Amino acid sequence: MRRTRPCGALRREHAGTTVVLNGWVHRRRDLGGLIFLDLRDHAGRVQVLVEPGAADAFDVADTLRAEWVIEATGLVRERPEDQRTDDGAGAVEVVAERIEVLAAADTPPIQVAGDERASEELRMRYRYLDLRRPDRMEPLRVRHRAIKAIWDFLDAEGFLQVETPLLTLATPEGARDYLVPARVRPGTFYALPQSPQLFKQLLMAGGADRYFQIARCFRDEDLRADRQPDFTQLDLEMSFVEVDDVLELNERLLKEVTHAAVGWNIATPFPRLTHAEAIDRFGSDKPDLRFGYELSDLSDLFAGTAFRGFASALDAGGTVRALRVPSARAGDLSRKALDELEAHAKVHGAKAMAWLRRDGDGFKGPIAKFLEAETPALRDHAPEQSDLLLLIADRRAVACGALGAVRLALRDRLGLVPDDAPPAFAWVVDFPLLEQDEETGAWTYMHHPFTRPHADDLERLESDPGSVRAEAYDLVLNGFEIGGGSLRIHDRATQDRMFRALGFADAEAEERFGFFLEALRYGVPPHGGIAWGLDRLAMLLAGAPSLRDVIAFPKNVRGGDPLTGAPAPVDAAQLEELGIRLADVPEPVEPTS
RNA sequence: GGACCCGUAGUGUAGCGGUUAGCAUAUCUGCCUGUCACGCAGAAGGUCGCGGGUUCGAAUCCCGUCGGGUCCGCCA
């Protein structure tokens, strides 16, 4: 018999009808002469009452255990007034007439019912059990609603959804590629795409005008809580647009998506910060704008200081940056806490972090006695009694970056962002086109080599490459980069100049990207677009602490899948067929746990 | 490549130099007709991840290793 409706969908108006229910035994309460079952499915739970009068059903109910799958037939009735519960089907119960076991279950290794949380490792190993919990399935539902809203919105805006290849050409730059051996051409390899970047530009060359794709992407780099080796982008591209067109469309899209997925009502347009501003004020190119604690530049104040720690950094062309912790919260930071914050700054590249605590007209702290000359000026930066100043002297990128990291540590330590804080979206624009490798001194692209240089700066591409801005933008939410894009170079001459600036010989560029450079010869429209990190956005929408929560079958920190056991060795025969011989690799070690 | 944190019954945890390795829950048995984390009585369940060392004595301290996690590097 087919179920009449989901367990969780039963309501008072169904009282008096006979229903067939399918579901899992969530809990069983055996009172001896009376058995209660909580029956659970995707929609919720309902109580099934089994009385001794229903002879067969009672005998079956006696054998049931947690997570057995059953079919229960019975009469829906309202529960006694004083016994109703708040959840969906809590006003009714089903009096069992017949119960059939559809699938028995061993005692599960992790409990589905109850508050107890197994370790993340076990929950990944038994992901299908973990997903039976409504709060574990919910992030996937949020993600589904977001993707549906994306499809609906972009379809209405005239975007064409196109799938691009997963087996494609390896590109030596960017992240490490995942390679796939090509059996029919021994010795050659496909690569899995790091993004559909060149394909979507070729679609613009093909006249698609506006394209999007929910695209799987692959990057063989080390994992993080917000980074998986295979992940999903919303990839989109538009022809005949300027930066404002792309940003404006994305703001409207996000308004729709966040509302459809989790009911947010976000304000647009989003604030825009230049890259330089984001670094100087927040010490990050993906600033968390939900709280203040902005950095300040005290380089001028310390120009000519006698304190060697600062003077040497300034002499080397560096800066002194400060972060003020207002007196109201500074008291929460003990000497030990300050040591821990300094250690945090060091992890992020700082050589040291100094602190000063306002004390009367002067300051306390290990370096206070070296700064008597600067004390009057410093008072302006710590106006309140007990205000705390955290100071780092270093190259701009290091000083700002490390203080930015300290700023986030303070956020977490002091709870500077309330749970109900509204989401803070922002655009970071005017990224530098190129950045210099610290060791080799070579210039490399910051975004990718197809990013259009800012027209006003193009003339300096060869003479002063570091000063050239890119027509590139990042989308930031609560301190996470959730998207990035740019206008693209669409003419061969500019693309050639870009490759030369990157130190590629013409022949080398031709070899790597010849197919794309050729396309630029045949009339490509000006175009630009963006890619969202869809997993990361879904994580933030779902309020989840880890990307793994919004991915159905995620990988662990070492890139393994505890459920399937991937990656794993393959048969010698399989390698033989692919023409692959393994170099000496360590024997796979059996886990001992 | 590097730093730090964590591995104790199925699960979650306590114990941090001498314990019969404790508690909760799950499991099994018995009792129980309005429970809803049902209750009550009882039982079984542990190479304290693995290897080595220190010690009269190690779950506990040290080293190594394996596994898990967070971060730095890396991630156009």
Side-chain angles (χ1 to χ4, degrees), chain A residues 26-39 45-53 58 65-67 79-87 89-90 93 95 106-126 129 171-177 194-195 197-198 217-229 231 340 343-350 401-402 405 408-409 412 431 433-435 438 444-451 470 472 481 484 486 498 502 512-513 531 533 545-546 548 556-558 560 562 588-593:
Chain A
H26 186 71
R27 279 205 173 86
R28 192 180 72 112
R29 291 178 293 279
D30 183 351
L31 272 60
L34 195 60
I35 298 173
F36 293 96
L37 303 172
D38 287 341
L39 197 58
R45 298 200 291 258
V46 71
Q47 173 165 284
V48 175
L49 170 62
V50 194
E51 294 174 311
F58 193 83
R65 292 295 181 272
E67 298 311 309
R79 298 178 58 173
E81 197 77 44
D82 57 338
Q83 292 181 8
R84 292 174 189 164
T85 57
D86 293 336
D87 43 326
E93 64 189 0
V95 185
D106 289 350
T107 302
I110 61 176
Q111 288 172 237
V112 176
D115 300 329
E116 194 172 87
R117 267 295 168 80
S119 70
E120 186 164 27
E121 184 181 5
L122 270 175
R123 287 189 281 125
M124 285 170 76
R125 168 80 179 80
Y126 297 100
L129 295 180
T171 50
E173 50 287 308
R176 206 174 287 113
D177 282 318
Q194 296 180 25
S195 86
Q197 183 61 36
L198 291 177
C217 305
F218 306 86
R219 293 178 190 175
D220 185 6
E221 298 294 345
D222 289 350
L223 287 79
R224 289 284 189 284
D226 65 346
R227 255 166 42 190
Q228 287 267 307
F231 62 102
E340 286 165 5
H344 193 69
K346 285 179 172 172
V347 165
H348 288 264
L408 296 182
D412 299 336
F431 275 74
L433 182 70
L434 304 167
E435 62 185 345
E438 275 180 47
T444 183
Y445 43 82
M446 205 156 175
H447 188 54
H448 58 55
F450 315 104
T451 303
E481 180 197 330
S486 64
M498 179 71 176
L502 293 169
R512 291 182 183 182
F513 301 109
S546 168
R548 295 187 276 266
N556 67 20
V557 76
R558 292 179 54 210
V589 181
E590 287 299 318
T592 52
S593 58

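Numbers restart at 1 for each chain; the letters A, B, ... are given by sequence-line order, proteins then strands. Every value quoted in this text rests on a predicted model; they were computed, and no experiment measured them. As a basis for the values below, the full set of heavy atoms in this structure was taken, side chains included, without hydrogen atoms, waters or symmetry mates.
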If the cut-off is 4.0 Å, is [X] near the phosphate of [N], judged by side-chain N/O to OP1 or OP2?
X: R176(A); N: C75(B); result: no
X: R65(A); N: C28(B); result: yes
X: R84(A); N: C36(B); result: no
X: S119(A); N: G7(B); result: no
X: R548(A); N: U70(B); result: yes

Rounded off to whole Å, could you give me the [atom1]-to-[atom2] distance for the [X] and [N] pair?
X: M124(A); N: G68(B); atom1: CE; atom2: P; result: 9 Å
X: L223(A); N: C72(B); atom1: CG; atom2: C1'; result: 15 Å
X: I35(A); N: G34(B); atom1: CD1; atom2: P; result: 13 Å
X: D115(A); N: A37(B); atom1: CG; atom2: P; result: 10 Å

Using the [atom1] atom in both, what is the distance from [N] to [M], to the nearest Å?
N: G45(B); M: U11(B); atom1: C1'; answer: 13 Å
N: A21(B); M: C28(B); atom1: C1'; answer: 23 Å
N: U55(B); M: C50(B); atom1: P; answer: 23 Å
N: U8(B); M: A3(B); atom1: C1'; answer: 27 Å
N: G1(B); M: A59(B); atom1: P; answer: 34 Å
N: G57(B); M: C6(B); atom1: C1'; answer: 27 Å

Nucleotide of [options] approaching [X] most closely (side-chain heavy atoms):
X: Q111(A); options: C32(B), G69(B), A26(B); result: A26(B)
X: H348(A); options: G34(B), C72(B), G68(B); result: C72(B)
X: E116(A); options: G68(B), U33(B), A24(B); result: A24(B)
X: R79(A); options: U70(B), G34(B), A26(B); result: G34(B)
X: V347(A); options: C71(B), U33(B), G12(B); result: C71(B)
X: F36(A); options: G68(B), G12(B), U35(B); result: U35(B)
X: P109(A); options: G10(B), C32(B), C74(B); result: G10(B)
X: N556(A); options: G34(B), G69(B), A24(B); result: G69(B)
X: A118(A); options: C74(B), G12(B), U35(B); result: G12(B)

Can you tell me whether the side chain of [X] and the base of [N] have a donor-acceptor pair closer than 3.5 Å?
X: R224(A); N: G69(B); value: no
X: R27(A); N: C36(B); value: no
X: Q83(A); N: G34(B); value: yes
X: E93(A); N: G34(B); value: yes
X: E51(A); N: U33(B); value: no
X: R29(A); N: U33(B); value: no

Is there a Watson-Crick or G-U wobble partner for [N] with both distances under 3.5 Å, and if so, which one is it?
N: G67(B); value: C6(B)
N: A58(B); value: none
N: A41(B); value: U29(B)
N: C48(B); value: none

Is [X] reaching over with its side chain to a backbone N or O of [Y], donor-acceptor style, under 3.5 angstrom?
X: D177(A); Y: T171(A); value: yes
X: R79(A); Y: E93(A); value: no
X: R227(A); Y: D222(A); value: yes

Select base, sugar-phosphate, or nothing to describe what [X] touches, counting heavy atoms under 4.0 Å on all strands.
X: Q194(A); value: nothing
X: P52(A); value: base
X: E340(A); value: nothing

Are any of the side-chain heavy atoms of N556(A) and E121(A) separated by less than 4.5 Å?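 No - every pair of side-chain heavy atoms lies 4.5 Å or more apart.
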State the CG-CG distance between L502(A) and L433(A), to the nearest 0.5 angstrom.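 Atom-to-atom, L502(A):CG and L433(A):CG are 7.5 Å apart.
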